[in-house]
Amino acid sequence: MLEPSQKGAIGLFDSGFGGLTILKEVVKLLPQYDYIYLGDNARAPYGTRSFETVYHYTAQAVEALFKMGSPLVILACNTASAKALRTIQQNDLLILDPTRRVLGVIRPTVELLPMISKNGHVGIFATKGTVASSSYPLEIAKLHGEKNFKVSQVACPMWVPMVENNELSGEGASFFVRKYIDELFTQDPEIDTIILGCTHYPLLEPLIKRYLPDGVNLISQGNIVAHSLKEYLQRHVDIENRLTIGGQITYLTTEQSDYFEKIAEIFMGSSLSANHFDFVE
Ligand code: DGL
């Protein structure tokens, strides 16, 4: 058990830079709170790792953010949300501190689908791990009924390395963007809505849009998660009361901080300063 927390910042966790696409929108909507962003860049990508490994890494990160005082942690990573969220909510929280909360990014995204898709043909771009977990098709069936949506998924293992290495345009990037789009529409040519089910992918949005058929909706999660967090805090005043106010953002990375800063600035659109963080095994 941890010491009961007093007040703390909202924690956001991702395997690397992807969660910054969530942080950016959350801070825009809720600038008053303090935030700690933890990117496990040294062990990214998570998308190709086993269930056990993703769970182990994610549980470590949640515990670390709790120890820094966060009463609320957002897994700003679909792979971690798909593979670790439920176990953390059902088992780890009871052991660590049942008064704190851990939220994911998949459910808020799925909730919005009926408002966006007209014909119910939905495509998911995600990591291998998220696709293999079937979290999106299962959550969509659970929330909206099995017969109302036809869901097709494509794993895009090249996109996270491209983003982590700032390869966002050019011939190589275009090739791998077209490749996965073609695979998706081969599965279902009628798709009218695509979820970018990995928080790294919004950085590739301009390129993806260039090759998408006209009229297809592309859903990025930042704005959705920000609004869902706002509503969550309105409903859970007990958690909201435990958040520190000050508008301060602390960036932590398991990689070298100067490397993180250079690429994170592209995500956030302004310069920032980060600190190196090591997990204690
Ligand atoms: N950004 C993550 C996600 O949303 C994971 C990317 C990775 O590390 O493979 O799935």
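Owing to the predicted nature of the structure, the values given are computational and were not obtained by experimental measurement. Positions are given from 1 along the sequence. Start at 1 and go down the list; that is how both ligands and their atoms are numbered.
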Heavy-atom proximity to atom 2 (C) of ligand 1, picking from Cys77, Ala126, Gly197, points to Cys77

Closest to atom 3 (C) of ligand 1 among protein heavy atoms sits Asn78 N, 3.2 Å

Taking the six-membered ring for Trp, are Phe279 and Phe277 parallel (under 30°), tilted (30 to 60°) or perpendicular (over 60°)? perpendicular

Quick note on ligand 1: atoms under 4.0 Å from a heavy atom of Asp14 include exactly 1 (N), 2 (C)

(Q) So Met68 and Thr250, do their side chains get closer than 4.5 Å, heavy atoms only? (A) no

Query raised in the report: In terms of the angle between their ring planes, are Tyr180 and Trp159 parallel, tilted or perpendicular, with boundaries placed at 30° and 60°?
Result: perpendicular

If we number the atoms of ligand 1 from 1 as shown, the ones under 4.0 Å from a heavy atom of Pro45 are 7 (C), 8 (O), 9 (O)

Assess, by modelled atom type and distance only, whether the side chains of Gln60 and Asp40 contain a donor and an acceptor separated by less than 3.5 Å. no

for atom 7 (C) of ligand 1, nearest protein heavy atom and its distance come out as Tyr46 N, 3.3 Å

For atom 1 (N) of ligand 1, the closest protein heavy atom turns out to be His200 ND1, 2.7 Å

Ligand 1 atoms nearer than 4.0 angstrom to some heavy atom of Gly47 are 7 (C), 8 (O), 9 (O)

Practice problem: Could you check whether the rings of His200 and Phe267 sit parallel, tilted or perpendicular, using 30° and 60° as the cut-offs? | Solution: perpendicular

Within 4.0 Å of some non-hydrogen atom of Ser15, the atoms of ligand 1 are 5 (C), 6 (C), 7 (C), 8 (O)

For the aromatic rings, using the six-membered ring if either is Trp, is the centroid distance between Tyr55 and Tyr57 under 6.0 Å? no

The answer for which part of Val105 has a heavy atom under 4.0 Å from ligand 1 is neither

With heavy atoms and a 4.0 Å threshold, my read on which part of Thr127 contacts ligand 1 is side chain

The protein heavy atom nearest to atom 10 (O) of ligand 1 is Thr79 OG1, 2.7 Å

_Is it true that Glu240 and Tyr33 share a donor-acceptor pair across their side chains at a distance under 3.5 Å?_
yes

>> For a 4.5 angstrom cut-off between non-hydrogen side-chain atoms, does Leu203 reach Phe17?
In response: no

